[in-house]
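Read through the structure below, which is laid out as structure tokens, and then see the notes.
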Protein chains: 4
Amino acid sequence: MTREEKKIEILKAAAIVFSKNGFYAAKMEDIAKQAGIGKGTVYGYFDSKEALFHELLKYGIEEYKEGMEKVLKGKGSVKEKTIELFKYHGKFLTKYIDIAQIFINQQAVFPKELRKEMLKEKMKLFSMLKEMIEQGKKDGELRDDLDEELVTLSIAGSISQFYGKKVFFDNYSYDEISPEPMVEILFKGYI
Amino acid sequence: MTREEKKIEILKAAAIVFSKNGFYAAKMEDIAKQAGIGKGTVYGYFDSKEALFHELLKYGIEEYKEGMEKVLKGKGSVKEKTIELFKYHGKFLTKYIDIAQIFINQQAVFPKELRKEMLKEKMKLFSMLKEMIEQGKKDGELRDDLDEELVTLSIAGSISQFYGKKVFFDNYSYDEISPEPMVEILFKGYI
Amino acid sequence: MTREEKKIEILKAAAIVFSKNGFYAAKMEDIAKQAGIGKGTVYGYFDSKEALFHELLKYGIEEYKEGMEKVLKGKGSVKEKTIELFKYHGKFLTKYIDIAQIFINQQAVFPKELRKEMLKEKMKLFSMLKEMIEQGKKDGELRDDLDEELVTLSIAGSISQFYGKKVFFDNYSYDEISPEPMVEILFKGYI
Amino acid sequence: MTREEKKIEILKAAAIVFSKNGFYAAKMEDIAKQAGIGKGTVYGYFDSKEALFHELLKYGIEEYKEGMEKVLKGKGSVKEKTIELFKYHGKFLTKYIDIAQIFINQQAVFPKELRKEMLKEKMKLFSMLKEMIEQGKKDGELRDDLDEELVTLSIAGSISQFYGKKVFFDNYSYDEISPEPMVEILFKGYI
DNA sequence: TATGAATGAGGATTCATTCAT
DNA sequence: AATGAATGAATCCTCATTCAT
């Protein structure tokens, strides 16, 4: 196993332990045990508990962004892409459920710096979404009086609440969930 | 000052300190100082740090629920009420910004119990919203093929992302934000 | 007991423990036990183990300097004062045997800063001694071709070796040791 | 390179690192790096960190003793030999400055055993010096009412303080220092 | 023989909680 | 009721040592 692969192994173990109890209650020893290695070994790969957490977040964001980019660069109408984004979110949630939990629940463990860094990354994802909306207006697929930012926020919010409810509350698994009706409502409106 | 008023004072101090540093980094001593009292005194009002945090969350939810009920019991169309809900959310965010931050960022400090309790409370708020949607359909204000749950999730998600972006990222104050265009988009759809 | 008195109590306990095994082997828990208090209490008086050690050294130097000044300001010939200095050194060694051990053996626990600070303090003591020699030359008590610095160094070295041997190797107690013959040799020479 | 030569190489590296940081702050990894070898290799030559330190001290003492014996066995008057001893001390300090620093500063890293062993070795050096004084009395070079031990202690103390000041405080190099005036004062006395 | 990745014992430090005043 | 000095459980991290390669 290469050094990089071992780092990923440790990150996965850390995700499980951090997501269970949060950053502070997670013990380095537990993470090591979860990874099947000794306590000191973790420090051979990460400088500190904070550094480990930081890298875990970066890893999660990078993974998410890559998948999202793939969807947005693909072909299809805005509506089709939106559906794909919903599905991708669900898939990510399932695959990286521990990391996802951390993103949802642990954003504030570090006072300022990291929170700002995370916010900036989130805004990058927003920008990508916004570009899709702009293109949809140009192509005549969407009303041209739409405020792109508002549309972006409504989609992002709906994705988050939709899968949050289905996965964490109703305990559905990814492939039992059809986002099409939700996207339909967003595009058609309530009236 | 009555015992109950003093408890509220301590809760407000706790909200400030918890929101700044998160649950674990917040020290009981800091909370006491923020409240202008001695460390030991806090324990005359709350059994433990966890209990204090727990009561703070309950207090925040209760406040939110009361305001939301008032809006929903008021008169007006579903769209008008939705706009009022948006506005109420912004007002709450401004008044209880510290508690709100905690709800956004600190949901996972306790392993399971409290997280579930919070989720249950959140679902109660959802139910209230859902009833409004059902009534709107009965009254013919909304399309009658709408899935109430999906509408509820899209409204809740949009409220959350809309004010999150405006208040925490763009640093707008409550009265500078008009939710009407956002609600318009939700009701009319994107196409 | 005032705060200052309690600090002295802890310093005394620290001196005992530090002198036994050196800075690193000394455990804060042992120091606390020696002082008859809880581990955490030590931190109410000193910021860290290093700070505690630092203050202990400062305290020891201050005590030594005060006694030395008293001797040098007193009346009597240079020879009489030299004898008094020897005696004072022996008395200090007996009273503060633990701190003295630390000065002899632990000067290098901190890389640079503290070592320099200690060296500076030592040089201050040297200066005081040198002034005495200068006065002795002026008064015609000592040969006027003497290099004051060399005399100072020979006295300081002799004091240190003399009492080091008598107290730490031969295990004599302070009042069993007569420094007069040693001083006589220094003043008369070997030939 | 023979096994013995390699041991010396490691000892020299250890001397540099120990003298810089003290026994506890010195890391085996740093010593290995300084010697240009791998961490594990050190353990092929020394059983433990303590053993390495122990052997380093023994090595230093042995080197010192050999040089001192050479001086004492040579020809010349007691005064000339005393001057040679001073000079030898200065030369040793220059050549083995790192080991010398350890002797000055690190005598107490081990509780009792090693400290006693070192003290015993020091006393052996004292005995050699004392024999020289006794011979000087027999030969009529020194007053015959002199206490040999006191003379020994005053010479040893003066050597130590003299070079300590010149080398470590004034930063003189070995060949810039003339011990003759100091020896002159010791033999002639102050009056 | 040489290496350095892996290990885990050990200790400084923090801070929630207690309790004498 | 209010206080804050005292306590010690709990945990991050270091580094001497081992051992598979």
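Computed from heavy atoms alone, side chains included, the values below leave out hydrogens, waters and symmetry copies. Residue numbering restarts at 1 for every chain, and letters A, B, ... go by the order of the sequence lines.
Using cut-offs of 30° and 60° on the angle between ring planes, the pair C:Phe23 and C:Phe18 is parallel.
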_Canonical and wobble pairing (Watson-Crick, G-U, under 3.5 Å) of DNA chain F, dot-bracket with |_ = .||||||||||||||||||||
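As judged by a 4.0 angstrom heavy-atom cut-off over every strand, C:Phe46 is placed among residues making no nucleic acid contact.
If you measure from atom NZ of A:Lys33 to atom P of E:dT7, you get 13 Å, rounded to the nearest angstrom. Atom CG of A:Leu52 is separated from atom C1' of F:dC13 by 13 Å (rounded to the nearest Å). With rounding to whole Å, D:Met1 atom CE is found 14 Å from E:dA2 atom C1'.
Remark: B:Thr94 pairs with B:Tyr174 by the side-chain contact (heavy atoms from CB on, under 4.5 Å) rule, at least two apart or across chains. Scanning for ring pair (Phe, Tyr, Trp, His ring centres under 6.0 Å) contacts around A:Tyr59 gives an empty result, with sequence neighbours left out. For the side chain to side chain donor-acceptor pair (under 3.5 Å) test, residues two or more places apart in sequence or in another chain that qualify with C:Tyr64 are C:His89. Scored by the salt bridge (Lys or Arg N to Asp or Glu O under 4.0 Å) test, D:Lys65 finds D:Glu121 as partners (sequence neighbours excluded).
For residues 26-37 of chain C, no residue pair satisfies the side-chain hydrogen bond (donor to acceptor under 3.5 Å, both in side chains) rule, not counting sequence neighbours. Sequence neighbours left out, the pairs with a member in residues 53-64 of chain B that pass salt bridge (charged side-chain N to carboxylate O under 4.0 Å, His left out) are B:Lys7-B:Glu55.
Taking each heavy atom of B:Ile99 and B:Ala15 in turn, the nearest pair found is CG1-CB, 3.6 Å. In terms of heavy-atom proximity, A:Ile31 sits nearest to A:Ala13 at O-CB, 3.8 Å.
Near DNA chain F, meaning a heavy atom under 4.0 Å from it, residues 4-15 of chain D has no residue at all.
Note on A:Tyr45: a side-chain N or O is less than 4.0 Å away from OP1 or OP2 of E:dA6. Here B:Thr41 reaches the OP1 or OP2 of F:dT3: one of its side-chain N or O atoms lies under 4.0 Å away.
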_One character per nucleotide, please: for nucleotides 14-21 of chain F, 5' to 3', B when the base has a protein heavy atom closer than 4.0 Å, S when only the sugar-phosphate does, - otherwise._
BSSBB---
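How far CD of B:Glu4 is from OH of B:Tyr45: 10.5 Å, rounded to the nearest 0.5 Å.
Among the nucleotides F:dT3, E:dA6, F:dA1, the one closest to the side chain of B:Ile37 is F:dT3.
Here the side chain of B:Lys49 pairs a donor or acceptor atom with the backbone of B:Ala26 at under 3.5 angstrom.
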